[in-house]
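Report on one structure; see the data block that follows.
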Amino acid sequence: MFKVGPLAKDKPMRRFFLVAVANIVAAAAGLALFTLMARSQGPVELGHMALALSFMVYGLILSNFGTDSIAIRTVSRDPESASGVVGVVIAFRLVTNIPVIFLGTMLALAYAGSTIPGLMAILVLSLTIGAIAPAWLAPATERSDVLGAYNIMSPVVTFLTAVSFLNLGWPHGIYAFAVARVVGDLIAASGLLWWAMKVTGKIDRPNFNEILKLGRKAGPIGLSRVISGLGQAADLFIVSIFVSKHDTGIYAASLRIYLLMLSMSLLYSGVIFPAFARAAKDGVQSVVRHLHGALKATIPLAVSAMLLIILLAPSLLHVAFGTEFAGSALILRLFCVSALLNFTSVMIGTALLATGQFRDFMQATIFSTIILVVAKIIFIACFGMIGAAVATSLGEGAMIAFQWRLLRRVGKSGSLMKPSV
């Protein structure tokens, strides 16, 4: 008999707190790794690694193609289906990995003469590792302990491995960090796969029709993630066109902290998504009430955290990356505004997905991403790195506007902040 986690009946905020603590530890390890990279390799190589990682993250989005949301929604409603869903999702991602790796190879060749092709050749191994890691199963079954352990393991192992490589002097330079990332991902994924096989009893072998069915069902979500990810991945790429390599590395430091802030939004989304999916059985109004409660409980905390980062931005950059990076404090402060908008956007998007409004979610993503990319090109060309941060806030604000309008139209709920009872 498949069982959900022992914390399944707890309040979402308690489960989020447990996962958040784990994510803070993971973020600290990731930040320490980035700091080590910045201090040992300099802004130029830091920028190269940041570009390679952004391409790899986009590759994960392509191979994932929204299957995690479908899997979480399915298993949260029917835990007994987990063994079959795990097999189908892994098979689907292994298939989609093939064109992703090919596209990544072609893209790497465009940066011939730099370390980016070599970095991407190493990091492509993490794409395959990510395909076989059923990270979605932990939030689907509300196993906060497993999700927390997985979030910690990869960055901690990566950091320790990178330190060891630097002391050994092999692999050389920035490549040590790429190999360390692969080692960390492999160990974390192995542990997660072992747990998945233990709790499900077995992983069913999928047939071709099941894989196609999953692809069709996940299509709108997958396209939304691909388009949204394109906007994020294009960030550093567009910046690198208009500013120097040195300034790209400076910008990458603030961007790294911003991405850590975004990870908290995704964590909370993963915690509340199963509850939203179950509430959807009672209609959109039930989901809106859950959304209202989640926003009411978390927005004050999010605002307080952003104000603290805004206040400490120069010191944070100085301590984390060195004196050379402290000048980008304004960029980090602008990113704090974007992070708060992103949190609200992620919450509303989670409600849309829980109610099965996949096409509406895709429409909101397409329109907001168009605004984001166009704004970035214009603002970066005119104002450089500062313009990139401002454009990010515009894109997040547009996403909230589109999602809010769609959810109100679907449920005719009036106001999200004061849902009808």
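Here, residue 1 is the first one in the sequence, and each next residue gets the next number. Owing to the predicted nature of the structure, the values given are computational and were not obtained by experimental measurement.
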Let me confirm one number: the [atom1]-[atom2] distance from [X] to [Y], rounded to the nearest 0.5 Å.
X    : Y    : atom1 : atom2 : answer
L33  : T158 : CG    : OG1   : 6.5 Å
K217 : T74  : NZ    : OG1   : 4.5 Å
F343 : I299 : CZ    : CD1   : 5.5 Å
M306 : L341 : CE    : CG    : 11.0 Å
I257 : L262 : CD1   : CG    : 12.0 Å
N209 : L214 : CG    : CG    : 12.5 Å

Any side-chain heavy atom of [X] sitting closer than 4.5 Å to one from [Y]?
X    : Y    : answer
I70  : F92  : no
L137 : W195 : yes
T350 : H290 : no
F383 : I378 : no
L334 : M385 : no
F177 : L119 : no
T96  : T67  : no
I174 : H48  : no

Strictly by modelled atom types, are S126 and R181 linked by a side-chain donor-acceptor pair under 3.5 Å?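 Distance-only check fails for S126 and R181.
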Return the minimal non-hydrogen interatomic distance between [X] and [Y], and the atom names on each side.
X    : Y    : value
A178 : L123 : O-CD2, 3.9 Å
F335 : A389 : CE2-CA, 4.0 Å
P314 : L311 : CD-O, 4.1 Å
L291 : I348 : CD1-N, 4.1 Å
A162 : A180 : N-CB, 3.6 Å
F165 : A176 : CD1-O, 3.4 Å

Test item: E396 side-chain N/O and S393 main-chain N/O as donor-acceptor pair under 3.5 Å: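 The answer is no, because no donor-acceptor pair under 3.5 Å joins these two groups.
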Please evaluate residues L255 and V239 with respect to the criterion side chain to side chain contact (heavy atoms under 4.5 Å, CB included), reporting the C-alpha separation (whole Å), side-chain torsions for both, the decisive distance (0.1 Å), and the verdict. CA-CA 11 Å; L255 182 64; V239 169; over 6 Å; no
R216/L212 under side chain to side chain contact (heavy atoms under 4.5 Å, CB included): CA gap, chis, key distance, verdict: CA-CA 6 Å; R216 287 194 297 267; L212 286 179; 3.9 Å; yes
Using the ring centroid of each side chain, check whether Y258 and Y251 are separated by less than 6.0 Å. no
Check step by step if side-chain hydrogen bond (donor to acceptor under 3.5 Å, both in side chains) holds for T392 and K376. CA-CA 7 Å; T392 300; K376 278 191 178 293; 2.7 Å; yes
